[in-house]
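Worth knowing before you read on, the calculation uses all heavy atoms, side chains too, and leaves out hydrogens, waters and symmetry mates. Lettering of chains follows the sequences in order, A, B, ..., and the numbering in each one begins at 1.
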2 protein chains.
Amino acid sequence: MAKRSLPRHVGFIPDGNRRWAASRGLSKEQGYGFGIDPGLVLFEICRSLGIPEISIYGFTQDNTKRPIPQREAFRSACVSYAMEVARRDAALMIVGDETSDLFPPELRGFRTRQGNGMKVNLLVNYDWEWDLVGLREGNIRSHDVSRLDLIVRWGGGRRLSGFLPVQSVYADFYVVDEYWPDFKPEHFDQALRWFREQDQTLGG
Amino acid sequence: MAKRSLPRHVGFIPDGNRRWAASRGLSKEQGYGFGIDPGLVLFEICRSLGIPEISIYGFTQDNTKRPIPQREAFRSACVSYAMEVARRDAALMIVGDETSDLFPPELRGFRTRQGNGMKVNLLVNYDWEWDLVGLREGNIRSHDVSRLDLIVRWGGGRRLSGFLPVQSVYADFYVVDEYWPDFKPEHFDQALRWFREQDQTLGG
């Protein structure tokens with residue numbers, strides 16, 4: 001049971017945008033815009049640490065059943081984030097069902113990975129079932145996403161909510177109670193410190 | 001976001017048998033036998049509460065790479081547990097690859113569910129990949145196991161370790177730091193109390 005150092009692939013579930021907005025007297029959809037800058041800070045931290053790959057839960061097909069103003073807000077936040085990360089020379093790949101109207105056309109070009117920097121996988125109009133039924137044609141649809149070592153979720157929820165089920169099978173799961181727009185670099189420092197203390201067994 | 005009452009399906013990951021044995025100066029394989037009685041107590045608690053279905057992580061194909069005395073010990077503990085649960089009129093189903101030599105022949109008859117009591121799914125020689133690649137022939141191999149509401153893991157690990165990835169997608173995950181052979185009914189009471197406080201969103 002070897003102790004680990006740095007995770008090679010970290011997943012992020014940036015939850016709590018709507019609860020954050022409501023707690024400040026804003027309308028729920030206003031929360032998503034406040035999630036972009038924290039995501040860019042986290043991107044820069046991961047890059048400076050030399051983490052080779054990160055995956056971020058943007059939005060799911062289930063999420064698109066929410067009221068239109070919310071749908072528009074998280075869609076727009078994901079597009080802004082993706083464009084900025086691409087501009088910063090990440091190796092961006094968007095993972096999600098691009099055959100649906102709910103997939104932002106601006107992101108079509110990133111369904112296959114572009115660029116040579118840190119790998120960033122952004123889940124957009126993603127659905128775990130859509131992902132897995134790819135096996136019927138030979139492989140899961142997210143087959144270019146590697147196995148996750150660590151998953152960090154904001155907003156207090158202790159569940160995966162359909163986040164990359166295959167890549168998550170052996171991942172350590174760290175929960176931050178604060179809402180995502182209240183992100184602080186210390187949250188991720190603490191997650192990494194905790195991760196280093198865990199034993200890696202992979203079932204052996 | 002409705003508050004929940006009782007989970008309809010709970011998963012149990014009874015981890016920490018070997019660490020428990022080592023902490024008592026026993027050899028690692030001696031830990032597994034001490035996991036049987038706690039499992040029967042937990043079975044009776046779930047049945048008395050009226051929980052309709054439980055799933056228990058017995059052993060995986062990865063686990064069978066461990067030293068032979070350990071392999072024999074957890075195999076034998078799983079057979080004893082299964083037989084006793086069947087005798088107590090549970091609707092037992094064993095989920096795992098029965099085409100391998102590592103599958104206990106005594107349990108072959110339970111690969112399809114037997115009985116009409118509380119549903120008990122025991123994972124024996126299970127492997128998440130074996131489960132999912134069933135999709136290539138139409139469906140996952142554990143398709144008779146329903147979606148999990150709550151997963152409780154003993155032994156402090158905050159990861160699924162390949163436990164029923166499809167059924168776990170929306171499950172709330174509760175971790176008990178004590179090793180499994182140190183199970184106390186209060187652990188499950190606390191998990192249920194915590195579960196009732198969680199919001200159920202299912203991505204909506």
(request) Select, from Gly157(B), Pro165(B), Gly162(B), the one with the greatest count of heavy-atom pairs under 4.5 Å involving chain A. (result) Gly162(B)
(message) So if I apply the side chain to side chain contact (heavy atoms under 4.5 Å, CB included) rule between Arg158(A) and each of Tyr174(B), Trp194(B), Phe195(B), which one comes out positive?
(response) Trp194(B)
(request) Under 4.5 Å, counting heavy-atom pairs only, tell me which of Ser168(A), Ala171(A), Gly134(A) racks up the most with chain B. (result) Ala171(A)
(message) In the structure I gave you, are the side-chain heavy atoms of Leu160(B) and Val169(A) within less than 4.5 Å of one another anywhere?
(response) no
(request) State whether Asp172(A) and Arg159(B) are salt-bridged, where the test is any N-O pair (Lys NZ or Arg NE/NH1/NH2 against Asp/Glu carboxylate O) under 4.0 Å. (result) yes
(request) Select, from Leu132(A), Val133(A), Ile151(A), Ile140(A), the one with the greatest count of heavy-atom pairs under 4.5 Å involving chain B. (result) Leu132(A)
(message) Please determine whether side chain to side chain contact (heavy atoms under 4.5 Å, CB included) holds for the pair Phe173(A) and Val175(B), giving the CA-CA distance in whole Å, both sets of side-chain angles, and the decisive distance to 0.1 Å.
(response) CA-CA 11 Å; Phe173(A) 192 60; Val175(B) 177; over 6 Å; no
